[in-house]
Amino acid sequence: QDLMHKYNHLEKLGNEYKLERPECWGGYFIKPTRIEFLEFQTTRFHSRLLYEQKNNSWIIKQLQP
């Protein structure tokens with residue numbers, strides 16, 4: 001309940017509140033251009049889809065079956 005109270009308070013502040021991070025903290029920004037999904041089926045006709053980004057839109061290709 002305390003955590004939700006603090007969350008709601010910070011949400012009301014919006015951009016006025018600057019979240020401070022430790023100096024040793026870091027991170028990465030990943031922007032995918034290709035993603036492949038594989039869905040296994042009991043029939044062994046697995047579904048394999050490739051999502052590829054071209055000209056700011058995603059193109060879907062069925063690779064399998």
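Counting from 1, the numbers follow the sequence of the chain as shown. Please read these numbers as outputs of a predicted model, since none were measured by experiment.
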| task | Decide whether Leu63 and Ile60 are clustered together by the hydrophobic rule: side chain heavy atoms of Ile, Leu, Val, Met, Phe, Trp, Tyr closer than 4.5 Å, transitively. | result | no
| task | For residues Pro32 and Trp58, report the shortest heavy-atom separation together with the two atoms involved. | result | O-CH2, 3.6 Å
| Going hydrophobic residue to hydrophobic residue with side-chain gaps under 4.5 angstrom, can you get from Leu49 over to Ile59? | no
| field | Atom pair CD/CD of Glu52 and Glu36 - distance to nearest 0.5 Å | value | 10.5 Å
| What is the distance from atom CZ of Phe40 to atom CG of Leu38, rounded to the nearest 0.5 Å? | 4.0 Å
| task | Considering non-hydrogen atoms only, spot the tightest contact between Ser47 and Pro65 and give its length. | result | CA-CD, 4.4 Å
| request: Would you give the length of the straight line joining atom NE2 of His5 to atom CG of Asp2, rounded to the nearest 0.5 angstrom? | output: 8.0 Å
| query | Measuring from Arg48:CZ to Gln62:CD, what's the distance to the nearest 0.5 Å? | reply | 10.5 Å
| said: Can you tell me how far apart CG (Leu3) and CG (Asn8) are? Round to the nearest 0.5 Å. | reply: 9.5 Å
| task | With rounding to the nearest 0.5 Å, note down the distance linking OH in Tyr51 to OG1 in Thr33. | result | 15.5 Å
